Colleague: 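I have a structure I would like to understand better, so I am pasting it below and will then ask my questions one at a time.
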Amino acid sequence: MNKNTFLYFIAAVAATGGLLFGFDTGVINVALPSLREQFALSPTQESTVVSAVLFGALFGPVLSGILTDLLGRKKINLLASIIFVVGSILAALASSVAMLIVGRLFLGLAIGIVSATIPLYLAELSPKEKRGQLVTFFQLAITLGILLSYVVGYWFQHTEAAWRAMFWAGFIPAMMLFIGMLLVPESPRWLLFKGREEEAIAALNKLRDEDVVAQELQEIRLTLQKEAKNKSSWKDLFSKKLRTPLLIVCLIFGIQQFSGINAIIYFSTDIFKDMFNDTQATLATVGVGIVNTLATIFGMRFLDKWGRKPMLYTGLLGTAICLATVGLAFYFKSSLPDGLRQAMLIGGIYVYIIFFAISLGPLGWLLTSEIFPLKIRGFASSFGSLNHWFFDMLVAFSFPLMRATSLGENGGIFGIYMLVVLLGLLFAKYMVFETKGLSLEDIEKRYE
Ligand code: BGC
């Protein structure tokens, strides 16, 4: 295998972690109807089953924050793949709501780990000119995982206890991640950090052409020397100097989640059922997955070309208009003709997904991986994903509960999400700075 192909092979293995992130969070959307049938879930049980994954995911970044430097990038991801396998088996075999929740907690823990460690592993293995593309590959894998879960859901929807088959399907990529992780190299950067020179050189030789190996090794050594003089601790993350990037990672994930993305990703089948029959609703959900993946591929090309800020403005404005459209489809439920309401609902949601996928979706993970100085990047990426899962859990837990109130009936929930997105425009204008075309070192100079 030539070195470039090998790099893409590693990226594909690592991206399986993103695929599982998307699959195990998205699958609940299509599994809920049959779970409800089997366990007669109350709204509170339903919220708990959905958000158990997200609650588990809160612990992943904490665990990976402690273990990634100790065990290495490869072993922590191997550990995550074993937890994915165990979680998939527990969820698929669940004989009670409690067991289902435990299985989903395990899956969440594994998702939380990979969300903090895979972008880091990818960034450390990539040559600098491919780093942006390879990190956004993670977001693409998430959307592919979501799409896969919807297709599996559509496929099995009429089978007996369909949810079991759907959870079993997650076992396959979990095993793939486990086997794949055995075949990829450890990060040369981490090996040097641990003083394992020879292994680091061997790993780098597998990834780069001979003429750049020596230079890259030298750069890593220099950075490590500087870092050794200037020991970092997680407390630096809260220093005055890093206030802006810290606020950016908190707010980007807050706005990303409170834009209501996962009200759609986790509950679209339910939302569509308000105006369509069961099969149409599941099919429309598969459509959400397809639009999401295609728009992400489109967005990947333009984030580097047009820049982060213009994409963010476009995405925020677009999502706000779409959320207003969906809200109005509910508000005027009894007065609008059926055809028009359906068009507003489905059109609003699909176009919303396009705007999200080219902006808030990739930018959360991209900004987190690029705006922090090197010595704090590991802590920062764990902190970023912790924020992500916290806000995600709030939205996933509150959505079914709010839907059972008048805010669900009259579309007010979508109005709330729209307000958050509009406030996001101020955040984009006054806080986010453009990183297009800058090297990570250039960005780091801002804080000196
Ligand atoms: C978010 C997920 C979301 C997905 C949708 C990701 O960037 O982190 O919460 O489900 O995008 O594509």
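Numbering starts at 1 and runs along the sequence shown. Please read all numbers here as calculations on a predicted model, not as lab measurements. In listed order, ligands and their atoms are each counted from 1.
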Colleague: Is it true that R308 and D304 make a salt bridge, defined as a side-chain N closer than 4.0 Å to a carboxylate O?
Modeller: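 D304 and R308: salt-bridged.
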Colleague: Looking at F383 versus F379, is the centre-to-centre ring distance below 6.0 Å?
Modeller: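 No - the distance between ring centres of F383 and F379 does not fall below the 6.0 Å cut-off.
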Colleague: Collect the protein residues that have a non-hydrogen atom under 4.0 Å from ligand 1 and hand them over in chain and number order.
Modeller: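 F21, Q139, T143, I146, Q256, Q257, N262, N292, F356, G361, W365, H388, D392.
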Colleague: Just grab all the ring pair (Phe, Tyr, Trp, His ring centres under 6.0 Å) pairs involving residues 406-429, residues at least two apart or on different chains.
Modeller: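 Found F330-F414.
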Colleague: Return the set of residues passing side chain to side chain contact (heavy atoms under 4.5 Å, CB included) with L419 (not counting sequence neighbours), or none when no residue passes.
Modeller: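 By the side chain to side chain contact (heavy atoms under 4.5 Å, CB included) rule, L419 matches no residue at all.
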Colleague: Can you list the residues that meet the side chain to side chain donor-acceptor pair (under 3.5 Å) rule with E186, with sequence neighbours excluded?
Modeller: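 E186 satisfies side chain to side chain donor-acceptor pair (under 3.5 Å) with no residue once adjacent residues are dropped.
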Colleague: Ring of F433, cation from R446 - is the NZ or CZ under 6.0 Å from the centre and inside 45° of the axis?
Modeller: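 Yes, cation above the ring, under 6.0 Å and within 45°.
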